[in-house]
Amino acid sequence: MNDVTNEAALIDAARNGSAAAFTDLVGAYREGLLRFLLTRSSSFADAEDALQDTLINAYRYLHSYDARWRFSTWLYRIAINNAARQKTIDTVELGDLSDGGDDPLRQCIEASERENLWLSARRSLTDEVYAAMWLRYVEDMSINDISAALERSVSWTKVNLMRGRKTLNAEFNKVATDEKSKAYG
Amino acid sequence: MDKLAKQLRNDAHRIECSVSEELDDRIRASLEGIQPESVQRPRRESKSFSFWWASSLTGVAAAIAVIAFINLQAPGPGSVATESNPQPLVIPTVQWRTETAVFTSPLEQELEDLQADLKKAEEAVKQDIDRLF
């Protein structure tokens with residue numbers, strides 16, 4: 001409850017032009033946003049630029065934030081729009097990146113025998129479904145918040161989360177089966 | 001939480017990244033340089049109220065001016081009696097003579113005949129018009 005009150009106070013202060021209050025406000029979300037943007041950008045520098053643009057836009061248009069939604073939902077909505085715009089400018093297909101050596105996501109994932117599921121997700125899911133899966137399973141957002149962040153209907157969100165789960169479950173089970181068969185020779 | 005959800009969460013945390021100091025400074029500098037758009041835009045109520053009054057008064061004044069102008073321009077009640085009665089308008093009656101085309105001649109001949117009839121009719125109409133006016 002204190003966090004919520006504190007967040008509301010920081011939002012008010014930021015709306016009145018306090019950049020310091022805004023910096024405090026977004027402090028808890030910056031790394032999560034950067035991680036998310038990293039999975040949507042063609043380079044680490046692009047992800048950093050997208051984060052900067054997201055925060056600047058959020059600060060500039062803070063008056064349009066509706067307190068009925070979680071602040072993180074609103075931030076992610078801006079981040080998703082920024083990432084989409086940047087992708088259009090770059091005209092780089094992320095599908096091609098997943099196989100390349102310059103892939104920022106691959107660079108930021110520690111080496112492991114098993115492939116990171118988010119790499120599989122990026123390869124096999126559309127941008128929107130990927131974002132929905134991320135918001136659901138990493139950010140713990142509700143279906144309503146996800147649909148608001150993606151500007152999609154609740155039913156669209158539910159159906160596509162189900163599809164995303166099905167696709168990733170197949171990948172996950174395939175990897176698990178491969179590991180088992182390796183273990184048993 | 002099911003296995004997949006747990007794995008997705010773990011894998012997300014395996015993505016190593018952090019906001020560098022350089023980026024942090026850059027963001028701070030950018031934020032200092034801008035001002036959030038104000039949610040409270042200047043109220044226009046008083047302005048719109050006075051504007052409403054001004055436009056209403058202008059409209060009423062214009063209406064009064066038009067009515068006054070029309071009343072000044074309109075002829076007085078005596079003028080109708082002094083006005084001379086105009087002569088009744090004679091509408092000329094044009095005698096349209098039509099002939100049934102007999103399609104016995106070749107078409108060219110018939111066309112020429114029709115054109116000649118048309119010319120004659122035109123001339124007759126012209127003569128009637130000249131005679132009347």
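Quick note on labels: first sequence line is chain A, next is B, and so on, each numbered from 1.
- Annotation: the span from Lys166(A) atom NZ to Leu4(B) atom CG amounts to 14.0 Å, rounded to 0.5 Å.
- Looking at Ala121(A), neither its backbone nor its side chain comes within 4.5 Å of chain B, counting heavy atoms on both sides.
- Of the two parts of Leu23(B), only the side chain, counted from C-beta on, holds a non-hydrogen atom closer than 4.5 Å to a non-hydrogen atom of chain A.
- Checked by atom type and distance alone, the side chain of Arg35(A) pairs as donor or acceptor with a backbone atom of Ile15(B) at under 3.5 Å.
- Distance CG/Leu8(B) to CZ/Phe172(A): 8.5 Å, rounded to 0.5 Å.
- Neither the backbone nor the side chain of Arg136(A) comes within contact range of chain B, judged by heavy atoms closer than 4.5 Å.
- Summarising the local packing, CZ of Arg28(B) is surrounded by 12 or fewer heavy atoms from other residues, nucleotides or ligands at distances under 6.0 Å.
- When the side chains of ILVMFWY residues are joined at heavy-atom separations under 4.5 Å, either directly or via intervening members, Val154(A) and Val129(A) end up in a single hydrophobic cluster.
- Between the Asp11(B) side chain and the Asn116(A) main chain, no donor and acceptor come within less than 3.5 Å of each other.
- Among all heavy-atom pairs drawn from Ser18(B) and Phe44(A), the shortest one is O-CZ, 4.4 Å.
- With a 4.5 Å cut-off on non-hydrogen atoms, Tyr61(A) touches chain B through its side chain but not through its backbone.
- Looking at Tyr59(A), the atoms closer than 4.5 Å to chain B (heavy atoms on both sides) sit in the backbone and in the side chain alike.
- Interatomic distance, CG of Asp49(A) versus CZ of Arg26(B), reported as 5.0 Å (0.5 Å rounding).
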### Task
Let me see the working for Cys17(B) and Glu31(A) under side chain to side chain contact (heavy atoms under 4.5 Å, CB included), right down to the final yes or no.
CA-CA 7 Å; Cys17(B) 74; Glu31(A) 291 212 347; 5.9 Å; no

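- Hydrophobic clustering of Ile, Leu, Val, Met, Phe, Trp and Tyr side chains at less than 4.5 Å, counting indirect connections, unites Ile34(B) with Phe22(A).
- A 4.5 Å side-chain heavy-atom check between Glu22(B) and Glu48(A) finds every atom pair outside the cut-off.
- Considering CZ of Arg9(B) and CH2 of Trp134(A), their distance stands at 11.0 Å, rounded to 0.5 Å.
- Under the side chain to side chain contact (heavy atoms under 4.5 Å, CB included) test applied with Ile27(B), the options Thr23(A), Leu51(A), Thr54(A) reduce to a single match, Leu51(A).
- Annotation for Pro36(B) and Ala14(A): closest pair CG-O, 3.4 Å, computed over non-hydrogen atoms.
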